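Reviewing the structure listed below.
Model, not experiment: these values are computed from the prediction. Labels below follow one simple rule: chain letters A, B, ... track the order of the sequence lines, proteins then strands, and each chain is numbered from 1.
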Amino acid sequence: MNRKLTAALIIAIAISVSTLLVVNKRGCSTTSVPESYLYSTKVYTDAERSAPLLYREISRIPLSLLEPHALTIGQNGTIAVVGDKALLLMDSEGREKQRINLDSPPTCIAWTSTNIFVGFNTHIEVYNAAGNRLQTWQTLGENAWLTGLAANTNTLFAADYGQRIVWQFGFDGQLLGKFNGRGPQGSEPGFVIPSPYFDLAIHNESVWITNPGRQRLEAYSFAGKRLSYWGKASTEIDGFCGCCNPSYIAITADGGFVTSEKGMPRVKRYASDGAFLGMVAPSDTFPKGTVGLDLAADNDGIILVLDPGSRAIRFYAEEAL
Amino acid sequence: MNQAQQTNITRRGWLRTALRTIALVGLGGVMVGMVSRTKRLCTKVSSTCRGCAKREACGFAPPRTLWQLDPTKCIQCGLCATSCVLEHSAVRCFHTHAQCGYCKLCFGYFEPGAKALSSAAENQLCPTGAIRRTYIEDPYFEIAIDKALCIGCGKCVHGCKMFGNGSLYLQIDHSICLNCNECAIATACPADAFSRVPYAEAYTKRANGSSEA
């Protein structure tokens, strides 16, 4: 009798110990997470589905860069991309014609009829179409962090996230001016830029600048006077959500806008007055966590999206085309 | 009678009983040890102490390493809030004010699709209301974490990382953590974000420090 009792006791203890070990290893039943602890993006994806999809992806060019940062279109549809420590020059078909090694990681680029301007954190370098470095401009200060460049026929504008200002240069590197968007009396908050996404584009006689902390785009004269703005903070598809959107912009030949966002990585199309038209690329078409969708639009209405997540340039054409 | 009973106890019988008793006590000890290990409850400071929240007061040397989570690996799955052996998890949200954008539309604070940018409960993302929002000047607002209310679910961290600049992040609060030999959250973490770090590097280094409410 005693032996049986002892054996039963030992077996019971063994089972208890084993159970404890298994439960311990699996982290017990406390591993289930209540729904209220989880972040849901459903409200954004639902809003996207309700919007018209105006464009379709027509082609994609893979890039030989690990971290592509910015792209631009040159003359005759040629394309330039910067990333890693390199400047890639490609023909209109996307074939890599030249790879120019750079001394430090570039952050932004602009291409005029004569020069290629490559922005780095604190300075700008000028290259010709053959890829030869022509000039290295003076540093803009240790707090500078250039994130966007745009040029017209004789002036280069540089968006400086680090100092929340826009620089204005002649093509010889001479500083022509700078403005911070605060207005003459300092009555406006200026450029509110929580993260390094600060872009600009030139159209006619104005430079359009993102103000991502205020979820809008602002137009300034070349003298730095604010002319107009549009955009609103909203989780609806016609507005911009997040504290740092829109992250990049491009202006189409008809004066309309293309915007890209982070958080929900997506590309949208707006009319010249800021009215929302539809989607170019919804968020589910990009790898999860993609940020930094730089944009360009050519004269034929094709929209180029730099997709760092896929390390590729993606081309979008209007559905009707 | 007593004398008769004493004489009935044989040497073999006494040895058998003694062995059984020792075996049972040993197994019982193992079981108690497992239970205490599973619950991760510190009993008493001893010479084998690996450190706990009271280690500075007890006079024993601090542990060589501590558990900490890597914010760059963290996926904000919510398990930090539910897997810790403590009823109120030792993981908390930390906030680097110098990095914060002071956003009016803060995605670490507001529920997606919030009807208004106000502090009304239905607009707040945090399930425990642990984030305090203070107006600074248009359009800037400051947020701060109430550590007593924060449960370390990481919901705000997800919103900030996704839409903002990542000034909110999760860390193990070593004033609370028991520094268990086998961390239950580390075991449950699907991102393998937990590891032991040197005592001198107990918290993730952020350029300009961090602060809480």
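Contact annotation for Ile151(B): only side-chain heavy atoms (C-beta onward) come within less than 4.5 Å of a heavy atom of chain A. Looking at Glu236(A), neither its backbone nor its side chain comes within 4.5 Å of chain B, counting heavy atoms on both sides. Using a 4.5 Å cut-off between heavy atoms, Leu24(B) contacts chain A through its side chain alone, with no backbone atom that close. Using a 4.5 Å cut-off between heavy atoms, Ser40(A) touches chain B through its backbone atoms (N, CA, C, O) alone.
Under the 3.5 Å distance criterion, the side-chain polar atoms of Asn123(B) are left unmatched by any main-chain donor or acceptor of Phe110(B). The backbone N or O of Ile237(A) lies less than 3.5 Å from a partner atom in the side chain of Lys268(A), making a donor-acceptor pair. The closest donor-acceptor contact from the side chain of Gln68(B) to the backbone of Ala202(B) lies under 3.5 Å.
Note: Tyr102(B) and Tyr140(B) fail the aromatic proximity criterion, with ring centroids not under 6.0 Å apart.
Every residue two or more places apart in sequence or in another chain was checked for a ring pair (Phe, Tyr, Trp, His ring centres under 6.0 Å) with Phe194(B), and none qualifies.
With respect to chain B, the highest number of heavy-atom pairs below 4.5 Å among Gly263(A), Ser36(A), Pro34(A), Cys244(A) belongs to Gly263(A). Chain A forms more heavy-atom pairs under 4.5 Å with one residue of Cys103(B), Gly164(B), Gly101(B) than with any other, namely Gly164(B). Among Gly213(A), Ala233(A), Ala47(A), Cys241(A), the residue making the largest number of heavy-atom pairs under 4.5 Å with chain B is Cys241(A). Ranked by heavy-atom pairs shorter than 4.5 Å toward chain A, the options Pro112(B), Cys156(B), Cys100(B), Ala81(B) are led by Pro112(B).
If you check the side chains of Asp160(A) and Trp145(A), you find no donor sitting under 3.5 Å from an acceptor. Between the side chains of Thr65(B) and Arg196(B), a donor-acceptor pair is found at a separation under 3.5 Å.
Contacts with chain B (heavy atom to heavy atom, under 4.5 Å) involve these residues of residues 188-200 of chain A, listed by number: Pro189(A), Val192(A), Pro194(A), Ser195(A).
Relative to the six-membered ring of Phe286(A), Arg314(A) meets both conditions, a distance below 6.0 Å and an angle of at most 45° to the axis.
Crowding of Glu122(B) atom CD: a count of heavy atoms from other residues, nucleotides or ligands under 6.0 Å exceeding 12.
We find that Asp192(B) and Lys73(B) are not joined by a salt bridge, their nearest charged nitrogen and carboxylate oxygen being 4.0 Å or further apart.
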